[in-house]
There are 2 protein chains.
Amino acid sequence: MLVHMAEAGGRALTSEELSSFIHTNPVVVRRSIAGLREAGVVASSRGHGGGWQLGRAPERITLAEISSALGETLLPFSTEPESPGCLVEQAVIAALEGFRTEAERLLAEKLGRITLADLAADFRRRYDEIGVTSHAV
Amino acid sequence: MLVHMAEAGGRALTSEELSSFIHTNPVVVRRSIAGLREAGVVASSRGHGGGWQLGRAPERITLAEISSALGETLLPFSTEPESPGCLVEQAVIAALEGFRTEAERLLAEKLGRITLADLAADFRRRYDEIGVTSHAV
DNA sequence: AGATTCGTAACTAATTTAGTTACATGAAAC
DNA sequence: GTTTCATGTAACTAAATTAGTTACGAATCT
């Protein structure tokens, strides 16, 4: 959806339009990207001509920010204690916390190097090359 | 559960025992660690005196192997195309695949340095220090 | 004033996961 | 060889999560 906004040339895209791109429902779109608004990644406006657009230049939006603004975790495991007092769990969690700290730093660093402009440029390259509609099913 | 096996001194632990450690059901235990058997991380035996034990020395069992044997993904996103033909999706997937390849290598490398023996040693340290039961609720 | 669009609550349906029961299979003990 | 114990696995239930939908209020433009 953000790539579409980057390609929209400043025009706001409605959640109706965005939802049709990914074959889902306008309300799902609004819910999904609400977190990006608070982070300034996108801006939404109501009423006639309203909709969604990028909150700043795509060169300044990284995948790391998007992931973080969406509240996604970069690592698919929990380190919440489930049996506080269990020393085995404590040892496991200590090891995983150490891993997580270092790993998240590495992953965020890598995702921070990929910008929305990169994705848009790659999309455009594919588009110019193949020259078909961008939303084929 | 694997730390418990490492601490069991070669004795097989039943899924009944293992399940009580993590407050769940024996069948859930069997289902959960079945994948570890095929990978040789654990061995199971039936009948009297049977149960579960490590398939090799804990020094030679890494968290990377465990994660892989359980079929866990190290990164919590999918790169399966949902709309083949959509050039935007293709650009996004291409970027994520590049990231995934590099990231998974990094993560596996890090997890490969943590062995079950490390966890068991840390557990033992905590145990000797505090000197209480290892399965307090 | 009327049309449009987001924001959000409330509800439904589908999917996933954990937990449970049941029973067949295999192995040790006596 | 029978009994006991333990895994392997299927089948079912319950709970939690997620996606989708409807409805409607609030904001904004023409």
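Letters A, B, ... mirror the listed sequences (proteins, then strands); counts begin at 1.
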What is the separation between atom [atom1] on [X] and atom [atom2] on [N], rounded to the nearest whole Å?
X       : N      : atom1 : atom2 : answer
A:Gln53 : D:dT28 : CD    : P     : 14 Å
B:Arg46 : C:dG26 : CZ    : C1'   : 5 Å
A:Glu16 : D:dT21 : CD    : P     : 11 Å
B:Glu38 : D:dT7  : CD    : C1'   : 13 Å
A:Asn25 : C:dT12 : CG    : C1'   : 13 Å
B:Arg37 : D:dA6  : CZ    : P     : 17 Å
B:Arg11 : C:dA28 : CZ    : C1'   : 16 Å
A:Leu18 : C:dG7  : CG    : P     : 12 Å

Inset, instruction - Ignoring backbone atoms, test whether B:Thr14 places a side-chain nitrogen or oxygen under 4.0 Å from the OP1 or OP2 oxygen of D:dA6. - result: no

Inset, instruction - Ignoring backbone atoms, establish whether A:Ser44 has a side-chain N or O less than 4.0 Å from OP1 or OP2 of C:dG7. - result: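 True: A:Ser44 side-chain N/O within range (under 4.0 Å) of C:dG7 OP1/OP2.
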
Legend entry - Pairwise 5' ranking along DNA chain D for A:Arg30 and A:Thr24, keeping only the more 5' one: A:Thr24

Legend entry - Closest-nucleotide ordering on DNA chain D, the 5'-leading residue of A:Val27 and B:Leu13: B:Leu13

Inset, instruction - Determine the sole option in B:Val28, B:Val29, B:Leu36 for which the side chain to side chain contact (heavy atoms under 4.5 Å, CB included) test with B:Ser32 is passed. - result: B:Val28

Inset, instruction - Only one of B:Gln53, B:Arg30, B:Arg37 passes side chain to side chain contact (heavy atoms under 4.5 Å, CB included) with B:Ser44; say which it is. - result: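 That would be B:Arg37; it is the only one of B:Gln53, B:Arg30, B:Arg37 passing the side chain to side chain contact (heavy atoms under 4.5 Å, CB included) with B:Ser44.
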
Legend entry - Polar side-chain contact B:Arg31-C:dG19 base: donor and acceptor under 3.5 Å: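 It does, because a donor-acceptor pair links the side chain of B:Arg31 to the base of C:dG19 below 3.5 Å.
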
Inset, instruction - Determine, for A:Phe99 and B:Arg113, whether the Lys NZ or Arg CZ falls below 6.0 Å from the six-membered ring centre while staying within 45 degrees of the axis. - result: no

Legend entry - Minimum-distance nucleotide (side-chain atoms of B:His48 versus C:dA29, D:dT7, D:dA10):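 Per side-chain heavy atoms of B:His48, the pick is C:dA29.
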
Inset, instruction - Between C:dC6, D:dG20, C:dA18, spot the one nearest the side chain of A:Trp52, thanks. - result: C:dC6

Inset, instruction - Indicate yes or no: at least one non-hydrogen side-chain atom of B:Thr115 is less than 4.5 angstrom from one of B:Leu63. - result: no

Legend entry - More than 12 heavy atoms from other groups under 6.0 Å of CD on A:Glu16: no

